[in-house]
2 protein chains.
Amino acid sequence: MADLARELGVSMTTISRALSDHYSIGPEMKSKVLKLAKKYNYQPNRLASALRKGKSKLLGIIVPYIEGRFFPSVVHGIETAARKAGYNVIICQSHEDVAQERQNVEALLSAQVAGIMVSLARTTTQFTHLEKVQNRGLPLVFFDRSMEGEDVHAVVLDDQEGALLSTRHLLAQGCRRIAHLAGPQHLSIYKNRCRGYVEALREAGLPVEEELITYTDMTQPEGAAAMNAWLTSPNPPDAVFSAGDYCALGAMQEAERLGFRVPDDVAISGFSNEAFTTITKPTITTVDQRCEEMGQATVRLLLELIEAEGSTFAARQIVLRPELLVRESSLGQVAEPVTTRTKKR
Amino acid sequence: MADLARELGVSMTTISRALSDHYSIGPEMKSKVLKLAKKYNYQPNRLASALRKGKSKLLGIIVPYIEGRFFPSVVHGIETAARKAGYNVIICQSHEDVAQERQNVEALLSAQVAGIMVSLARTTTQFTHLEKVQNRGLPLVFFDRSMEGEDVHAVVLDDQEGALLSTRHLLAQGCRRIAHLAGPQHLSIYKNRCRGYVEALREAGLPVEEELITYTDMTQPEGAAAMNAWLTSPNPPDAVFSAGDYCALGAMQEAERLGFRVPDDVAISGFSNEAFTTITKPTITTVDQRCEEMGQATVRLLLELIEAEGSTFAARQIVLRPELLVRESSLGQVAEPVTTRTKKR
DNA sequence: TTGTATGCGTTATCAA
DNA sequence: TTGATAACGCATACAA
């Protein structure tokens, strides 16, 4: 900047203002400065700018992991929206570990991010590190995996609705003994999926049987183990609604290993619309989580908070509508189109 | 820092030195400072530090995308190694688009990263934006997708070796008419995989037939299209070596749609060890790319360059050995263990 | 419309 | 072993 100022015979103030498109600078001056900046290949130092202004153009993201389809898609939505608003993004993975998550928070604070978006690790049950963020006045938005029943900003899927749709669909296929592969209940997403399952059974006047709900960590092996237990029991289920696709996959593989046919002997549905659900044989019925929309909504909310500065906002929850994707793993005798899109309750 | 200095009745200089473990500070002083820092929950401002020192603790990563298994794994390897060395990481996606890649470079330069790791977009054929990075003296390391035949630092897989192993394996299964799904040849990875394929045929004394090599963009649909063309031709191949897993998947699905059995009528092998290759029926033979090692090696090389400051280094290429994973899609009549690990040529 | 002067939080230099 | 001071690159309050 100093070079440009010298070359044009003006002050650095003028240069600074011209580059940031300040109203007090004349158009000819502006274009002269911009042209020279191009020529010298001027690269603004965002660190210095952030230091001076007390606010950076960096946003922090903490996700449990970035494999699979869901989180990359959300991150993509976030990136796109953030870039449009002139922000860059630092992605951290907690690898489902609270300690790592804490470290990530520290790292992001140190990097002076303007705000943080977080999807909780499965092992996170204490939230002091996140409260610290809020106490600092740094905007914080949860997405997908939020804190249960707290006064926080969050963008989540209507998980209960998704589970309700999926279970109802299994009922419509003629299934009457529907089991549920549930996830860790301290995470609201899994609790809500369980609620939706229960709600659908109630609607249908069916009992909720404890031995038909198995709590797992949502991995493929645990899905297989649970399925094995059910199918070797005296009164096996005729359908399984899993709160996650990996777990559903494990269950399906185990069922076939045991000689059961899917969906004829036991129907299966998952949750998340992972990419592999269209590749397996049979393809797996699942619930789409509007990943891109979730990312965009998260950024939008965060930017609002950032722009609102300190003025405390009422905690806001944005709830997205899920979409049931019916595929082969759940199709019973009742005819139904292979893909239905459910828009409203 | 000022607060700490006031409270302890010393200067900020002392605080700064104590916190950065400077040798000139006595141990009692150090521990006093550290204790107080804990108490006040002091968070260093890395922006200010970076501004002053002219070097940040941020590394930039540019990847084409983060879906699937390969890039997340490499990124994980990078993150782990980087964190150990006290660095944080900014991940950018080019979405296979040069323009986006250029933007990413700008963003990272603006963020004053200490170095950049990049895996090229498929559409990148001009390299001015990356040369600019090097001309600035900013360390740059390519991984996986590097510039062809240039004088750059890079960590890559021995793609030719991987292709050689895979094609040799198909030959060992008794296949004699092996086709190749090739990728864009301006990317060295795909060129080398093609070379390995050709080398294996040569070794076996087989001709390289032009109609048995189809150039694709490595997507599932193009794999299906190419397979369709081959299997509906008068003299179809009895095996296909694909330079990528998605493309192999498309080819396999198309073969089955046309009534061919895999591997009996046509054997198939892919490349990358994507997660879905163990889920399909049959499971897909593929080549593992040592993702984590690649990430670690990339960081190690980059940190060496950073620590070496300006002192120009000889361009260095690190080549990792691939691993052939034999699965069902390629198993012919000849008996062979389901998983072989090949360590040397 | 433009310029002067000052400070953001940290560290390097020099002197004590 | 410690401290005073300047500087990193930029943005703004205030004066002109």
Side-chain angles (χ1 to χ4, degrees), chain A residues 1-34 36-37 40-58 86 88 106-114 136-138 309, chain B residues 1-34 36-37 40-58 86 88 106-114 136-138 309:
Chain A
M1 265 179 47
D3 297 346
L4 302 187
R6 212 175 312 113
E7 177 131 353
L8 286 179
V10 297
S11 76
M12 271 178 52
T13 309
T14 305
I15 303 293
S16 170
R17 286 176 174 152
L19 290 173
S20 51
D21 206 31
H22 192 272
Y23 67 93
S24 72
I25 302 292
E28 348 70 75
M29 188 47 141
K30 260 177 200 165
S31 69
K32 264 204 295 189
V33 172
L34 290 178
L36 204 66
Y40 276 76
N41 219 299
Y42 167 77
Q43 201 79 35
N45 183 332
R46 300 178 86 139
L47 256 55
S49 171
L51 180 59
R52 176 60 235 258
K53 296 206 286 196
K55 43 172 59 184
S56 77
K57 286 293 199 176
L58 272 180
N88 273 106
E106 296 295 318
L108 292 177
L109 289 178
S110 255
Q112 310 296 120
V113 294
R136 287 217 180 184
L138 200 64
E309 308 271 339
Chain B
M1 265 177 45
D3 297 345
L4 302 190
R6 211 175 315 112
E7 178 131 353
L8 287 179
V10 297
S11 75
M12 275 177 48
T13 308
T14 304
I15 303 294
S16 170
R17 283 175 177 152
L19 290 172
S20 50
D21 204 34
H22 193 272
Y23 66 92
S24 72
I25 302 293
E28 348 71 76
M29 188 47 136
K30 260 178 201 165
S31 70
K32 265 204 293 186
V33 171
L34 289 179
L36 204 64
Y40 277 90
N41 219 301
Y42 166 77
Q43 201 77 35
N45 185 331
R46 300 179 85 137
L47 256 55
S49 170
L51 178 60
R52 179 60 239 251
K53 297 205 283 195
K55 44 173 59 182
S56 77
K57 285 293 199 176
L58 272 178
N88 273 106
E106 296 294 319
L108 292 178
L109 289 178
S110 256
Q112 310 297 119
V113 295
R136 289 221 180 179
L138 199 65
E309 307 271 340

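Note on naming: letters A, B, ... go to the chains in the order of the sequence lines (proteins, then strands), and numbering restarts at 1 for each one.
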*Asks:* For A:S20 and for B:A48, find the nucleotide of DNA chain D with the closest heavy atom, then tell me which residue's nucleotide is more 5'.
*Replies:*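 First, find each residue's nearest nucleotide; the 5'-ward one identifies B:A48.
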*Asks:* Can you work out whether B:I25 or A:Y42 has the more 5'-proximal nearest nucleotide on DNA chain D?
*Replies:*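 It is B:I25 whose nearest nucleotide is closer to the 5' end.
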*Asks:* Which part of the nucleic acid does A:L47 contact within heavy-atom distance under 4.0 Å: base, sugar-phosphate only, or nothing?
*Replies:*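 No contact.
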*Asks:* Quick check on D:dA11: is either OP1 or OP2 less than 4.0 Å from any side-chain nitrogen or oxygen of A:S49?
*Replies:*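 Answer is yes, contact under 4.0 Å.
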*Asks:* Nearest whole Å is fine: how far is D:dC10 P from A:K53 NZ?
*Replies:*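 Computing the A:K53:NZ to D:dC10:P distance gives 12 Å.
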*Asks:* Whether the side chain of A:S20 engages the backbone of A:S16 through a donor-acceptor N/O pair (distance < 3.5 Å, no angle test) should be reported.
*Replies:*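 Checked: pair present.
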*Asks:* Starting at CG of B:L51 and ending at C1' of D:dA11, how long is that distance when rounded to a whole Å?
*Replies:*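 It is 13 Å, rounded to the nearest whole Å.
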*Asks:* Compare side-chain N and O positions of B:S11 against OP1 and OP2 of D:dG3 and report whether any pair is under 4.0 Å apart.
*Replies:*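 Yes, B:S11 has a side-chain N/O under 4.0 Å of OP1/OP2 on D:dG3.
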*Asks:* Does a nitrogen or oxygen in the side chain of B:Y23 sit under 4.0 Å from OP1 or OP2 of D:dT2?
*Replies:*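 So the side chain of B:Y23 is outside the cut-off, no N or O lying under 4.0 Å from OP1 or OP2 of D:dT2.
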*Asks:* Pair B:D3, B:L36 - check side-chain contact (heavy atoms from CB on, under 4.5 Å), show working.
*Replies:* CA-CA 10 Å; B:D3 297 345; B:L36 204 64; over 6 Å; no
*Asks:* Mind checking B:M1 for me? I need base, sugar-phosphate or nothing, with any heavy atom below 4.0 Å counting as a touch.
*Replies:*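 Base contact - B:M1 has a heavy atom under 4.0 Å of at least one base atom.
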*Asks:* Please lay out, stage by stage, how A:L58 and A:Q112 fare under the test side-chain contact (heavy atoms from CB on, under 4.5 Å).
*Replies:* CA-CA 8 Å; A:L58 272 180; A:Q112 310 296 120; over 6 Å; no
*Asks:* For A:K30 and A:H22, indicate whether the former's side chain and the latter's backbone hold a donor-acceptor pair under 3.5 Å.
*Replies:*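 Between the backbone of A:H22 and the side chain of A:K30 there is a qualifying donor-acceptor contact (under 3.5 Å).
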*Asks:* Remember a base hit wins even if backbone is also touched, and classify B:R17 as base, sugar-phosphate or nothing at under 4.0 Å, heavy atoms.
*Replies:*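 Base: the residue B:R17, judged by heavy atoms under 4.0 Å, touches a nucleobase.
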*Asks:* Give one of base, sugar-phosphate or nothing for A:G26, where a contact means two heavy atoms less than 4.0 Å apart.
*Replies:*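 Here A:G26 touches the backbone only, sparing every base.
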*Asks:* Do any side-chain nitrogens or oxygens of A:T14 fall under 4.0 Å of OP1 or OP2 in C:dT2?
*Replies:*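 For A:T14, the contact criterion (side-chain N or O under 4.0 Å from OP1 or OP2 of C:dT2) is not met.
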*Asks:* Base, sugar-phosphate, or nothing: which does A:S24 touch, judged by heavy atoms less than 4.0 Å apart?
*Replies:*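 Result for A:S24 = base.
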